[in-house]
Amino acid sequence: MDARLNLFGSPLLGAALRHLNSAGKAVTESALPTATQELVKLRASQINGCGFCTDMHTKEAAKAGETSTRLHLVAVWREATVFTDAERAALELAEQGTRIADAAGGVTDEVWANAAKHYDEEQLAALVAIIAIINTYNRLNVIVQQPAGDYQPGQFG
């Protein structure tokens with residue numbers, strides 16, 4: 001299976017992706033815990049049906065020390081006992097931020113307030129940014145039907 005379009009082969013998309021990658025780097029270097037970042041990216045990718053990003057962030061999380069049990073349970077985090085309250089708040093924010101079209105009014109005040117109990121303003125900013133960025137990557141990969149399964153941790157730097 002080949003992608004419909006080489007995202008890095010297009011000068012226009014290559015330039016856009018460099019900017020998107022720079023935005024992602026700012027979040028990666030933030031005070032938001034790495035485990036939370038990967039869990040959020042994984043959950044949004046699952047919701048959006050992005051095989052490439054699901055593959056990538058599962059492998060990156062494992063490389064960073066995430067357990068297979070937690071990775072297997074991200075899709076059913078509400079029923080799992082292996083996530084902290086802070087991680088649960090981030091996952092719920094990610095879900096509502098990803099499913100904007102499904103929810104009248106977008107992210108609820110209750111979900112936002114719960115996230116704000118666990119994260120300071122800069123970490124909330126990082127969560128908002130990472131949710132927006134992963135949704136952009138998901139859409140790019142889904143549109144071009146980017147194949148999944150061959151990603152190697154650290155492949156993009």
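Position 1 is the first residue of the sequence, and the numbers go up from there.
Looking at every heavy atom in both residues, Val107 comes nearest to Gln96 through CA-OE1, 3.3 Å. Across all non-hydrogen atoms, the minimal contact from Thr36 to Ala90 is CG2-CB, 3.6 Å. Of all heavy-atom pairs between Val27 and Ala129, the closest is CG2-CB, 3.6 Å. In terms of heavy atoms, Arg43 sits closest to Val74 at CD-O, 3.6 Å. Taking both residues in full, the closest heavy atoms of Gln123 and Asp120 are given as N-OD1, 2.8 Å, listed atom of the first, atom of the second, then distance.
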Quick one, Trp112 with Val128, criterion side-chain contact (heavy atoms from CB on, under 4.5 Å). Give me CA distance, side-chain angles, the key distance, then yes/no.
CA-CA 11 Å; Trp112 182 263; Val128 169; 3.8 Å; yes

Working for side-chain contact (heavy atoms from CB on, under 4.5 Å), residues Asn21 and Phe156:
CA-CA 9 Å; Asn21 288 342; Phe156 296 122; over 6 Å; no

Please step through side-chain contact (heavy atoms from CB on, under 4.5 Å) for the pair Ser30 and Gln37, ending with a clear verdict.
CA-CA 10 Å; Ser30 75; Gln37 292 182 37; 4.0 Å; yes

Go through Ile134 and Leu42 one step at a time and tell me if the side-chain contact (heavy atoms from CB on, under 4.5 Å) criterion holds.
CA-CA 9 Å; Ile134 193 59; Leu42 177 56; over 6 Å; no

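The side chain to side chain donor-acceptor pair (under 3.5 Å) test applied to Ser45 returns Asn138, not counting sequence neighbours. Thr69 pairs by the side chain to side chain contact (heavy atoms under 4.5 Å, CB included) definition with Thr67, Leu73, Val82, not counting sequence neighbours. With sequence neighbours excluded, the residues that form a side chain to side chain contact (heavy atoms under 4.5 Å, CB included) with Leu5 are Leu13, Val144. Here Gln146 pairs with nothing under the side chain to side chain donor-acceptor pair (under 3.5 Å) rule; sequence neighbours left out.
Ionic pairing of Glu29 and Lys25 is present here: one or more N-O contacts between side-chain nitrogen and carboxylate oxygen are shorter than 4.0 angstrom.
Once rounded to the nearest 0.5 Å, the distance linking CD of Gln46 with CG of Asn48 reads 10.5 Å. Put simply, CD1 on Ile133 and OG1 on Thr28 are 8.0 Å apart, with the number rounded to the nearest 0.5 Å. Rounding to the nearest 0.5 angstrom, the gap separating the SG atom in Cys50 from the CD atom in Gln145 is 11.5 Å.
The aromatic rings of Phe52 and Tyr151 stand perpendicular to each other, their planes meeting at an angle above 60°, with 30° marking the opposite boundary.
Each salt bridge (charged side-chain N to carboxylate O under 4.0 Å, His left out) pair with one or both residues in residues 57-73, not counting sequence neighbours, appears once here: Asp55-Lys59, Glu66-Arg70, Arg70-Glu87. Residues in residues 98-117 take part in these salt bridge (charged side-chain N to carboxylate O under 4.0 Å, His left out) pairs, two or more places apart or across chains: Glu95-Arg99.
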